[in-house]
Number of protein chains: 2
Amino acid sequence: MAKQKGAEGRPPGMTDVARVAGVSAQTVSRVLSGHPNVREKTRATVLAAVEQLGYRRNNAARMLSSGRSRTIGVVTLRTTFYSRAAVTSGIEHAAQAAGYTVSTATTASLDTSAIEAALSRLADQGVEGIILSVPLTHSSPRIEQFTRAVPTITIDGSRTDATEVVAVDQALAARLATRHLLDLGHETVWHLAGPEEWLEAAARRDGWRATLEEAGRPVPPPLEGDWSPASGYRGGLVLARIPEVTAVFVASDEMAFGVIRALHEQGRRVPEDISVVGVDDIELAEYCSPSLTTVAQPFGQMGALAVAHLLRHVADPGALPEPASVEPRLVVRASTAPAGAPAPRRERP
Amino acid sequence: MAKQKGAEGRPPGMTDVARVAGVSAQTVSRVLSGHPNVREKTRATVLAAVEQLGYRRNNAARMLSSGRSRTIGVVTLRTTFYSRAAVTSGIEHAAQAAGYTVSTATTASLDTSAIEAALSRLADQGVEGIILSVPLTHSSPRIEQFTRAVPTITIDGSRTDATEVVAVDQALAARLATRHLLDLGHETVWHLAGPEEWLEAAARRDGWRATLEEAGRPVPPPLEGDWSPASGYRGGLVLARIPEVTAVFVASDEMAFGVIRALHEQGRRVPEDISVVGVDDIELAEYCSPSLTTVAQPFGQMGALAVAHLLRHVADPGALPEPASVEPRLVVRASTAPAGAPAPRRERP
DNA sequence: GCAGAGGATGTTATCGATGCCAACAGATGG
DNA sequence: CCATCTGTTGGCATCGATAACATCCTCTGC
């Protein structure tokens, strides 16, 4: 047993409350669970006793006895990306509102084994549902085993047999960005993509390519970054050296900052010489020079939606997984301009 | 009882493993807890049975029985600031490495009552320790009650009787920034502070003021923002209108981006006309134009340190709280320049 | 060869709350 | 006035694992 029985410091239990209130422990349980069949007066007495003793129900015991943990687990990659923070915030908010606790398991890499380990940790916690907020290109038997045992929602757009998906329509995001640039009169649009193993990166690249093809434009070879500003910078240096580049669709705002920086350094002006569009609409997008045209993603909403779907699925495991998606939105700022626009003099001569 | 007893779908229990292995449940427990006094052969038999049945220990039961949850709780503000993400990452990493699970309780505001609610949720979870990663200017009896009951580490630099503190030396951060600007020959340094209720904001302001006073320089009235780039922008508009401003110390990189943006728009060049220093060293600091001189904060290290201290405190509740602090580091980039430097022509005339 | 130390294992009581069922009270109705 | 029903409440077993204690067994050392 955990604590010495006689010790006075031991926190009060339900029986203690029952004794003080002059009822049985069972009745205390009923009051605390909001069971309807309890006389009003009894309820008041019990609540008074609870208050007096500063009693709190022991979660471990409830969980053991009832089999419910009221906890959902979240698997994320251990990064400081804006998107991760925003999605997580949304999840936490929605979960708390629904009376659920959030337990986090982060992984340092996207290795199948790392994800398995994270899932394993959550399974040990007895979570009722899992939100898998990492790209999952290669599933594995062990992963499937977990997702079959515990209701799971995937956020990145990947999917498994036993998994429901909530995702932003990334192809649409790419389409909006590319379309915008073409509409400005650019002959074609170059692309700095995210890492291949991220499904959202792949979806954006596909959307970009499809838009160009539909418009009958040449499709330049896409570059690839790793989401970091540094990789954007490297990509920017490459792009700066290609004279015919006049428009770039960058797969994330953070990389876009790096691209713009590199272009600046190489003497290519944004947006006069080259237009740049990002994705995410991070808070800083509006406050850099030039402010960044980008495709806003409803991260918070996505987190909330994931939780809503997950809890519905938890409540009714038989329900058919029904994919949901939320729409991105183009935010036009100052990093894009019509093709071949006369270069305005911005600084003092 | 939670699950129907006879059902075959019920996950295997320790007794099931014991039966298969031909030992008692207690022995299984000992094997799984790494108890030394178990014959090697028995251990192997048990592990084989565990493997065969796909057995996992029930955390709720362990917790109830042993009184330990191996979970720590983190209270944070629900924001998407870089600092929050970075600290949280550090905490999660360290906690996982130590075999602990992290349970998150976020609050939307800094109200005492909101924080109390968050703590209450964590207490219900039975966490063994709490990391309070929100500024806590006004404590409250209820808060003190929680922090007395559960080992708690505060990260923001605030402190309570029963609370240990891990913090970056913010006064030093401010000193480094201010000193740097003075060393560049600036007559004095203006300051855009963070919200007053954040202790780190207050510490930075104090450090800035002290440095100026020690140097015998005039202390301009500090402006105040809310950490957002937008508030930085507003502050920047004000500063741009004051001719004698040549150096500004901004309390966060995110605000600094806004400040620089505003100065640009008003035709004040950075760093030729005005030097700007931020705090945090967010990833983007290096990739904007001009790249931002800033004071780097070891966020990840801080999270890890907090966990280390917390676990030490959990292991030995009698140990005296011993404040720890980690040092910030100045990172000089391109947003600062000597005072009165001849303005170089950067753009084509 | 035997006593004693100590390692290996089993037994039992519990941790704190909940589910099911029985008991009991007051209300309704014939 | 008794039978039935609905609303309240208590009793008991139980969830799955661990702590403490009790055993049993196996080596030493004399």
Side-chain angles (χ1 to χ4, degrees), chain A residues 1-7 9-46 49-50 53-70 123-126 128, chain B residues 1-7 9-46 49-50 53-70 123-126 128:
Chain A
M1 50 216 74
K3 289 147 193 165
Q4 59 286 34
K5 175 157 188 190
R10 181 189 41 143
M14 212 169 237
T15 50
D16 298 311
V17 176
R19 186 163 0 91
V20 171
V23 298
S24 76
Q26 187 51 229
T27 301
V28 176
S29 172
R30 272 189 278 256
V31 169
L32 265 37
S33 314
H35 191 100
N37 289 354
V38 177
R39 205 185 315 164
E40 194 46 52
K41 193 180 147 201
T42 313
R43 181 188 310 278
T45 314
V46 169
V50 165
L53 295 177
Y55 168 73
R56 330 207 53 160
R57 274 188 292 190
N58 180 317
N59 199 272
R62 301 187 64 190
M63 186 173 158
L64 176 59
S65 185
S66 71
R68 304 206 48 190
S69 63
R70 295 235 132 212
D124 281 341
Q125 287 295 304
E128 289 183 27
Chain B
M1 51 214 77
K3 289 148 192 164
Q4 59 287 33
K5 175 158 187 188
R10 181 189 41 143
M14 210 169 242
T15 49
D16 298 312
V17 176
R19 187 165 358 91
V20 171
V23 297
S24 77
Q26 186 54 225
T27 300
V28 176
S29 173
R30 272 190 277 256
V31 169
L32 265 38
S33 316
H35 191 98
N37 290 353
V38 177
R39 205 186 316 164
E40 194 46 53
K41 190 181 151 202
T42 313
R43 181 189 311 278
T45 314
V46 169
V50 166
L53 294 176
Y55 168 74
R56 331 207 52 163
R57 273 189 291 190
N58 180 318
N59 200 272
R62 300 187 67 190
M63 185 173 159
L64 176 58
S65 183
S66 70
R68 308 207 43 191
S69 63
R70 296 235 130 211
D124 281 342
Q125 287 296 304
E128 289 183 28

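Naming: A, B, ... by sequence-line order, numbering from 1 per chain.
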Quiz prompt | Nearest atoms (heavy-atom pairs only) where B:Ser69 meets B:Glu128 | solution = N-OE2, 2.8 Å
Quiz item: Has B:Ser65 got a side-chain N or O lying under 4.0 Å from the OP1 or OP2 atom of C:dC15?
Solution: no
Check: protein-nucleotides 6-8 of chain D nitrogen or oxygen pairs below 3.5 Å:
{"from": "D:dT8", "atom 1": "OP2", "to": "A:Asn37", "atom 2": "OD1", "distance (Å)": "3.3"}

Quiz item: Taking atom C1' of C:dT18 as reference, at what distance in whole Å does atom NE2 of A:His35 sit?
Solution: 12 Å
Quiz item: Counting only side-chain N and O atoms of A:Ser29, is one of them less than 4.0 Å from OP1 or OP2 of C:dA17?
Solution: no
Quiz item: Base, sugar-phosphate, or nothing: which does A:Val28 touch, judged by heavy atoms less than 4.0 Å apart?
Solution: nothing
Self-check item: B:Ser33, nearest nucleotide to its side chain (from D:dT18, C:dG10, C:dG16)
Solution: D:dT18
Self-check item: Pairwise side-chain contact, A:Thr42 with A:Val23, heavy-atom cut-off 4.5 Å (strictly under)
Solution: yes
Quiz item: Is it true that B:Arg57 and A:Asp124 make a salt bridge, defined as a side-chain N closer than 4.0 Å to a carboxylate O?
Solution: no
Practice problem: Would you mind telling me which of D:dT9, C:dA17, D:dA17 lies closest to the side-chain atoms of B:Tyr55? | Solution: D:dA17
Quiz item: So, is B:Thr27 close to the C:dG10 phosphate, meaning a side-chain N or O under 4.0 Å from OP1 or OP2?
Solution: yes
Quiz item: At under 4.0 Å between heavy atoms, what does A:Arg56 touch on the DNA or RNA strands: base, sugar-phosphate, or nothing?
Solution: sugar-phosphate
Practice problem: Rounded off to whole Å, could you give me the CZ-to-P distance for the B:Arg57 and C:dC15 pair? | Solution: 21 Å
